[in-house]
Amino acid sequence: MQVAKVVVDVPTNQTNHSFDYLVPPEMVGLIKKGMRVSVPFGPRKVMGFVVNLVAESEFDKLRKISQVMDMTPVLTDELLELGKWLAEETISLYIQAYQAMLPQVLKAKYKKEIEALTFEELPKSLQKLFDGRTVISFDEFLQRNGNYRELHKEMKNGHVQIHYIVQSKETIKKVSFIEPNKELYLIEEAIQDLSKNAQKQRLVLEYFLKNNESVEQGDLLRACETTTSTIQALIKKGLLKKIEKKVYRNPYQNREFKRTKPLPLSDQQQVAIEPIWKAIEKEQSEVFLLHGVTGSGKTEVYLQSIEKVLQKGQEAIVLVPEIALTPQMVQRFKERFGGEVAVLHSALSPGEKFDEWTKIHKREVKVVVGARSAIFAPFENIGIIIIDEEHETSYKQEEQPRYHAREVAKQRGIYHQCPVVLGSATPLLESYARAKKNVYHLLEMPDRMNNQVMPPVEIVDMREELHAGNRTMFSKRLLGAIEERLAKKEQVVLFLNRRGYSTFVMCRECGDVVKCPHCDIALTYHKSNHLLKCHYCDYQIPMMQECENCQSDQIRYFGTGTQKVEEALMQVIPDAKIVRMDVDTTRRKGAHERLLQKFQSKEANILLGTQMIAKGLDFENVTLVGVLAVDAMLNLPDFRASEKTFQLLTQVSGRAGRHQLPGEVIIQTYSKEHYSIELASQYNYTQFFLQEMNMRKNFHYPPYYFLTLINVSHPNQLKVMEVTKMISKLLYKHLTNDATILGPTPSPIIRINNRYRYQCMIKYKNEPMQHEIIRKILDYYYEDIQKNDLTITVDFEPYQLM
DNA sequence: AGCACGCCGACT
DNA sequence: GTCGGCGTGCTC
């Protein structure tokens, strides 16, 4: 007897364990650990992962596995183990962890069908629904207002049967190819026989005389300037034939990558790379922190480390932050390793992601470059894991399972006995502190390549501008500098920090701010469609003409959106050709690359954008970077506000003067004295680190303490307060005396989507029982969560405190 | 989750 | 007595 232990796709606490199923004899040998199967579960069928195969079970009434959904396991033994660890570490469900490791399309799709076993004996209404068919979908039954009770009765009578169908969503893209179906001389003869009217058919056949091979239908149509009907006619005559070939969707189809060779390493690169090479050769699990300033050549270190790994016949995972950085970064990897690279990032369609994943799964590639989830690439012989810009918050998943890719990387590094390289110009304080304590191996690259200096940074005090009578959002200094660059045909990057700062609408008469009725947040004005939108729920209303509070017509929008900056800029600088990049202009697929291309080709001379332009962009003609308002970020209710500001300013500054032309950076601010602005302008990470560490020590924040954030939400404010208070009490009672429990406190945004939100935070150094205690608390509220619309989320080492 | 079962009030 | 509502509990 063979028994499969299966984790089923039923995401609840009660089913968060494996279920035993009998492997039917015909499937023995076919079913392996890590495959998806469909199994009977109660009255229906669900998808599940086979997590183990054993010889017997303690249950006696085992049911059989219905179907195997994969030819080869989608999860390796290592990933099965890793998923278990991940779920336990983040207090998530096993099924959630496993699904997080796989592309979306491998999630199951469920369908129900009703089969009529007899017609005559069915009631009239059902006969009508079936309308002569033997099978209809359950969806159709519901849509056409089928009577559920009646159906139920007929089911009991054995007149109808319900089938539960479990399907995988993955599809394989096929492309039609056309090729000759006869010998060439016969084709030639056929051309002679064609009627005079058949011009296009002649053209197509002549094409094959010249190129006697299979050709993609689309290409053929383009080459002969014709349509499918011509091809169809020729296929009918038996002269051509159509073949469907499986192909990978190729997101980089229209791009050519010139292969590059390893560049000679500078002295500091050489010093940094030696220990990494050594760890690769010796197969040592070791974490490196590569602290290299912008332009110090970190990427070349990555590339040549990977080179070593490939020579050993091993594989490499490279994580990069979300989209902003990928086009240029991906290019460098493709140029070096060509077809050995798979790319996984959020801008790909689900089908494209699946195809890239398939290449990894089938071992057709050796290198993955991707966003957070690429850390789960199903390689089996990893030689190195690299996390670029390791301080980036996008490495933390903000939904279940709330994992940090860095921690997963370390875990896989131990399993594969390979180095993990964390790279950054502004490492996360936690990481740098660990490196200083020799938990990580610190590698420093303080100099830029070719002895370039970092561009000088000038801080402009906007309060002084205001006093001098300048009410616009551009200081005289910045405006002058922009004009100067444009005159020299150089380019400018303008950065607007919008986080926590958007265009809200206020009445000048009574000071009333228009807020969302469901969330505790001001609505944002969107000029393009004249709407006020809530960024936390989908509420939107047209912009009003008069104040709803006092009926005054003095209602105006405030704040600085990119749209507004763009307009203001066009007014003062008529020559400006602006590319605006923000969530609005980059929403469409491929828009991101298109806009950057426009700037690259110098069609535009100013790139204006939000967060997303701060990272990784490298344009040789950019000599000025302007930061319009950095203050909003500094004032966020987040203990990392200073650190984030420092990171951002450093990154933005790195966009200027990366090549021959010297660069310059201008930062506009209302808080000129703030140490993170001042030290960023001096590129003094070390000093910033010391000063910030001091702050963290005083206020008991990471890296001196660990944090756990518990969020509670419910439509009733009293209920939320009461639950959060109780949780705080329980934590206080059961955690050690070294732990501090803050709260209950209202979340920075107290209401979202009509739900009130409270939180409590644990600050601790060492709480071995923490997971268990929290798990018990969650169990205690299990009923409330199930029935009464209560939600409690637990975030270990949170990045998002909202 | 999703479904059956079972208990209770309302009604042919 | 039966229909239909919802609360409860189980799924190898």
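Remember, it's a predicted structure, so these values are computed and weren't measured experimentally. Lettering follows sequence order; numbering is per chain, from 1.
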Atom [atom1] of [X] to atom [atom2] of [N]: distance rounded to whole Å?
{"X": "A:Lys109", "N": "B:dA1", "atom1": "NZ", "atom2": "C1'", "value": "19 Å"}
{"X": "A:Asp9", "N": "B:dA1", "atom1": "CG", "atom2": "P", "value": "11 Å"}
{"X": "A:Asp139", "N": "B:dG2", "atom1": "CG", "atom2": "P", "value": "12 Å"}
{"X": "A:Asn16", "N": "C:dC12", "atom1": "CG", "atom2": "P", "value": "16 Å"}
{"X": "A:Lys111", "N": "B:dG2", "atom1": "NZ", "atom2": "P", "value": "16 Å"}
{"X": "A:Ile162", "N": "B:dG2", "atom1": "CD1", "atom2": "P", "value": "14 Å"}
{"X": "A:Tyr148", "N": "B:dG2", "atom1": "OH", "atom2": "P", "value": "12 Å"}
{"X": "A:Gln14", "N": "C:dG9", "atom1": "CD", "atom2": "C1'", "value": "8 Å"}

Aromatic contact, A:Phe41 with A:Phe19 (centres under 6.0 Å) =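 Yes, the ring centres sit under 6.0 Å apart.
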
Hey, is the main chain of A:Gly42 close enough, under 3.5 Å, to the side chain of A:Arg63 for a donor-acceptor pair?
->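 Present.
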
For A:Arg149, does its backbone N or O pair with a side-chain atom of A:Asn147 as donor and acceptor, under 3.5 Å?
->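 Side chain of A:Asn147 to backbone of A:Arg149, a donor-acceptor pair under 3.5 Å: yes, one is there.
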
Give [X] one of three labels, base, sugar-phosphate or nothing, depending on what nucleic acid heavy atoms sit under 4.0 Å from its own.
{"X": "A:Lys61", "answer": "sugar-phosphate"}
{"X": "A:Lys45", "answer": "nothing"}
{"X": "A:Phe41", "answer": "base"}
{"X": "A:Tyr110", "answer": "nothing"}

Along DNA chain B (nearest heavy atom to each residue), the more 5'-positioned of A:Arg149 and A:Pro43 |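 It is A:Pro43 whose nearest nucleotide is closer to the 5' end.
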
Closest-nucleotide ordering on DNA chain B, the 5'-leading residue of A:His152 and A:Gln786 =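 Nearest-nucleotide comparison on DNA chain B picks A:Gln786.
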
Under 6.0 Å from the six-membered ring centre of A:Phe138 and within 45° of its axis: does the NZ or CZ of A:Lys112 meet both?
->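 Relative to the ring axis of A:Phe138, which defines the angle, A:Lys112 lies inside both limits.
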
Give a yes/no verdict on a cation-pi contact between A:Arg44 and A:Tyr110, requiring under 6.0 Å between NZ or CZ and the six-membered ring centre and an angle within 45° of the axis.
->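 Because its charged atom misses either the 6.0 Å distance or the 45° angle limit, A:Arg44 does not stack over A:Tyr110.
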
Is [X] near enough to [N] that one of its side-chain N or O atoms lies under 4.0 angstrom from OP1 or OP2?
{"X": "A:Tyr21", "N": "C:dT11", "value": "no"}
{"X": "A:Lys112", "N": "B:dC3", "value": "yes"}
{"X": "A:Arg44", "N": "B:dC3", "value": "no"}

